[in-house]
Amino acid sequence: MRSVLCLFEGVATGAADGWYRMRHKPAATLLHLGPGLANGLANIHNAKRAGSGMVNIIGEHATAHLKYDAPLASDIEGLARPLSHWVRRTISSNTLAGDAVAAVEQASAHPGRIATLILPGDTSWGPVTAPPGCFARSGVAPAGVPDAAAVDRIAAVLCSGEPAFIILAGTASFGPALDWAGKVAAKTGARIGTQFFTSRIEHGAGRVPLERLPYAVPQAVEFLKGFKHIITVETGEPVAFFSYPGKPSLLKQPDCQVHRLAAADDDSALALEMLADAVGARDIKPARQPFIDKGTPSGALNPLSIAHALASAMPENAILVDESLTTGRETIGHTAGAVPHDTIQNMGGSIGYGTPVATGAALACPDRRVVCMVGDGSAMYTIQSLWTQAREQLNVTTIIFANNSYQILKAEYANMGFGAPGPQALAMIDIDKPAIDWRAMAKSMGVPSVSVGTAEEFFQAMGRCNATPGPSLIEVRL
């Protein structure tokens, strides 16, 4: 077992999420009683939404000490239950081993589950009198078997010629499942894609290309308006991220039918293979994304030049962790023709997921470069990740888009129809007084850094950082 020290519980829980997304095996966190669990809950929420398995071990006062209501005493079960699939309190040293095994089994299900094990101190230090291995194992729950009747119904829909959009999520957006989906699309003419946020996508040249549902409601409605059928794989029908005055929550047209091919706990690769057979696509070759050489970008930094620099400078098999919110919102479209890589996105919407998830992904895949894109406001939530990256010498390039503002809040202000924010609102959105010195912060945590102001400088810095072992930080001045 590898022990990794994090300086904040939200970094530990986010790193466990990143580990699972790349390994599909759970990691464990060790959190300090109820307040420590509370500090980690935001990234536990993101992990749960992503279908990531995680074992959270929560320390607790010794059983005999609880009656004294010491300052750290709290309702740990009450804190854990809303974001856990399974919660158990160990009652003795004799049950501890069996409880730990049960927690790992729960977290290892498909999709991954959040297992919380509460561990009173005396259950750790007390004597064990039970014989070794006396506990029962229930085994890891396997993925569900797809519904053959549903497969046949969806095959008939696809063969009807009516416009259909297949939305992939979970384990369907990478690996064998993605190839099967590509075969189905090539045979039937259906389009395939993802929600705006997806836990992991195999992206880039040589991969089956996926469209991405737009974030903004008007664009998403426009994207979907021509489809008569939406087929979901490990996800639900598309909904707006927020509710806005005068805008719909459901993004499809009223006459569009939604068909579920595979639920979140189903074997989606098998479901898509069965669907390929049902439409006669087993021997069809799926479309493959060609490599597109973007060349060296030049000029001012903007979302397009930043995306082109990323596409040109990313090393092969990189892992791109995206929490850029506004600056990088269109990055995935512009990096489709880059070298093969994986992308990871924030499924739960809780801020501060990017740098911890990048930390966990780098631990899971030490031979791959992790590129983490994060806004300056989001980065301040969990910037302690840099210290862990330096301590473990993880291959992470952190890109901070420094616009000195919670730019996403300005966009959402406009989406609500309120126009431009006034001085009082801006005072709660802008973070330039005082300005954050990202290079000094990175240096203090042992991470080398550079600041860039043009597309050429950004491209060159990306190349240097990605070629140098260990962590680095690039401040992109916007």
> Between I344 and M22, does a side chain to side chain contact (heavy atoms under 4.5 Å, CB included) hold up when you go through it step by step?
Replying inline: CA-CA 9 Å; I344 291 177; M22 298 311 300; 3.7 Å; yes
> Of all residues at least two apart in sequence or in a different chain, which pass the side-chain hydrogen bond (donor to acceptor under 3.5 Å, both in side chains) check with Q345?
Replying inline: none
>> Is the ring pair Y68/H65 parallel, tilted or perpendicular, if the boundaries are 30 and 60 degrees?
In response: tilted
> Side chains of S405 and D432: does their closest heavy-atom pair fall under 4.5 Å?
Replying inline: no
> Are any of the side-chain heavy atoms of F458 and V476 separated by less than 4.5 Å?
Replying inline: yes
> Considering all heavy atoms of both residues, which atom of M380 and which atom of I436 are nearest to each other, and what is their separation?
Replying inline: CG-CD1, 3.7 Å
> When rounded to the nearest 0.5 angstrom, what distance separates NZ in K252 from CZ in F165?
Replying inline: 14.5 Å
> Can you name the nearest heavy-atom pair linking S350 to H45, along with the distance?
Replying inline: CB-CD2, 4.1 Å
>> The criterion is side-chain hydrogen bond (donor to acceptor under 3.5 Å, both in side chains); which residues satisfy it with T388, sequence neighbours excluded?
In response: none
> About how many Å separate OG1 of T343 and CD of E202, when rounded to the nearest 0.5 Å?
Replying inline: 10.0 Å
>> Taking side-chain hydrogen bond (donor to acceptor under 3.5 Å, both in side chains) as the definition, give me every residue that meets it alongside T13, ordered by chain and number, with sequence neighbours left out.
In response: none
> Residues in side-chain hydrogen bond (donor to acceptor under 3.5 Å, both in side chains) with S449, at least two apart?
Replying inline: R439
> Got H259 and R153 here, is their nearest side-chain heavy-atom distance under 4.5 Å?
Replying inline: no
> Would L213 and L251 satisfy side chain to side chain contact (heavy atoms under 4.5 Å, CB included), going step by step from the backbone distance to the final call?
Replying inline: CA-CA 10 Å; L213 190 68; L251 302 177; 4.0 Å; yes
Show the atom names and distances, to 0.1 Å, of all donor-acceptor pairs under 3.5 Å that link a side chain in residues 124-131 to residues at least two apart or in another chain.
from : atom 1 : to  : atom 2 : distance (Å)
T129 : OG1    : N94 : OD1    : 3.4
T129 : OG1    : N94 : ND2    : 2.9

> Does the side chain of L210 reach to within under 4.5 Å of the side chain of L178, using non-hydrogen atoms?
Replying inline: yes
> Between N43 and P356, what is the shortest heavy-atom contact and its length?
Replying inline: ND2-CG, 3.9 Å
>> Any non-hydrogen side-chain atom of T123 less than 4.5 Å from a side-chain atom of I91?
In response: no
> Heavy-atom count around R49 CZ within 6.0 Å, excluding the residue itself: above 12?
Replying inline: no
> Is the backbone N or O of F196 less than 3.5 Å from a side-chain atom of R212, with the two atoms forming a donor-acceptor pair by type?
Replying inline: yes
>> Between Y353 (side chain only) and N346 (backbone N and O only), is there a donor and an acceptor less than 3.5 Å apart?
In response: yes
>> If we ignore hydrogens and angles and just use 3.5 Å, is the side chain of H85 paired with the main-chain N or O of Q106 as donor and acceptor?
In response: no
> Is the closest side-chain donor-acceptor distance between S324 and D322 under 3.5 Å?
Replying inline: yes
> Can you name the nearest heavy-atom pair linking V447 to A390, along with the distance?
Replying inline: CG2-CB, 4.0 Å
>> Please give me the minimum heavy-atom distance between D69 and A73, naming the atom from each residue.
In response: OD1-CB, 3.8 Å
> Hey, what do you get for OG (S84) to CG (L41), rounding to the nearest 0.5 Å?
Replying inline: 8.0 Å
> Backbone N or O of C6 within a donor-acceptor pair of the W387 side chain at under 3.5 Å?
Replying inline: no
> Could you give the distance from NZ (K48) to CE (M347), rounded to the nearest 0.5 Å?
Replying inline: 13.5 Å
> Under 3.5 Å, side chain of R207 to main-chain N/O of H341, donor-acceptor pair present?
Replying inline: yes
> What is the minimum heavy-atom distance between H32 and E9, and which atoms define it?
Replying inline: CB-OE2, 4.3 Å
> Is there a donor-acceptor contact under 3.5 Å from the side chain of D376 to the main chain of N403?
Replying inline: yes
> Is there a side-chain contact between I231 and I167 (heavy atoms, below 4.5 Å)?
Replying inline: no
> Roughly how far, to the nearest 0.5 Å, is the CD atom of E316 from the CZ atom of R368?
Replying inline: 10.0 Å
> Going from CG on L72 to NE2 on H61, what distance comes out if it is rounded to the nearest 0.5 angstrom?
Replying inline: 5.0 Å
> Any side-chain heavy atom of I76 within less than 4.5 Å of one from S74?
Replying inline: yes
> Are the side chains of L261 and D266 in touch, meaning some heavy atoms are under 4.5 Å apart?
Replying inline: no
> Are any side-chain N or O atoms of T382 and backbone N or O atoms of G352, one a donor and one an acceptor, separated by less than 3.5 Å?
Replying inline: yes
>> Could you work out, with ring-ring contact (aromatic ring centres under 6.0 Å, His included) as the rule, every residue matching F197, not counting sequence neighbours?
In response: F241
> Which is it for F401 and I306 under the side chain to side chain contact (heavy atoms under 4.5 Å, CB included) test, yes or no, and what are the steps along the way?
Replying inline: CA-CA 10 Å; F401 297 118; I306 288 169; 3.7 Å; yes
> Is the side chain of D122 donor-acceptor paired with the backbone N or O of A62 at a distance under 3.5 Å, no angle test?
Replying inline: no
> What do the steps show when you test I319 against R21 for side chain to side chain contact (heavy atoms under 4.5 Å, CB included), and what is the final call?
Replying inline: CA-CA 11 Å; I319 301 167; R21 295 212 206 180; over 6 Å; no
> With no hydrogens and no angle check, is any side-chain donor or acceptor of S173 less than 3.5 Å from a backbone partner on A169?
Replying inline: no
>> For the backbone of R89 and the side chain of D99, can you confirm whether one donor and one acceptor N or O come within less than 3.5 Å of each other?
In response: no
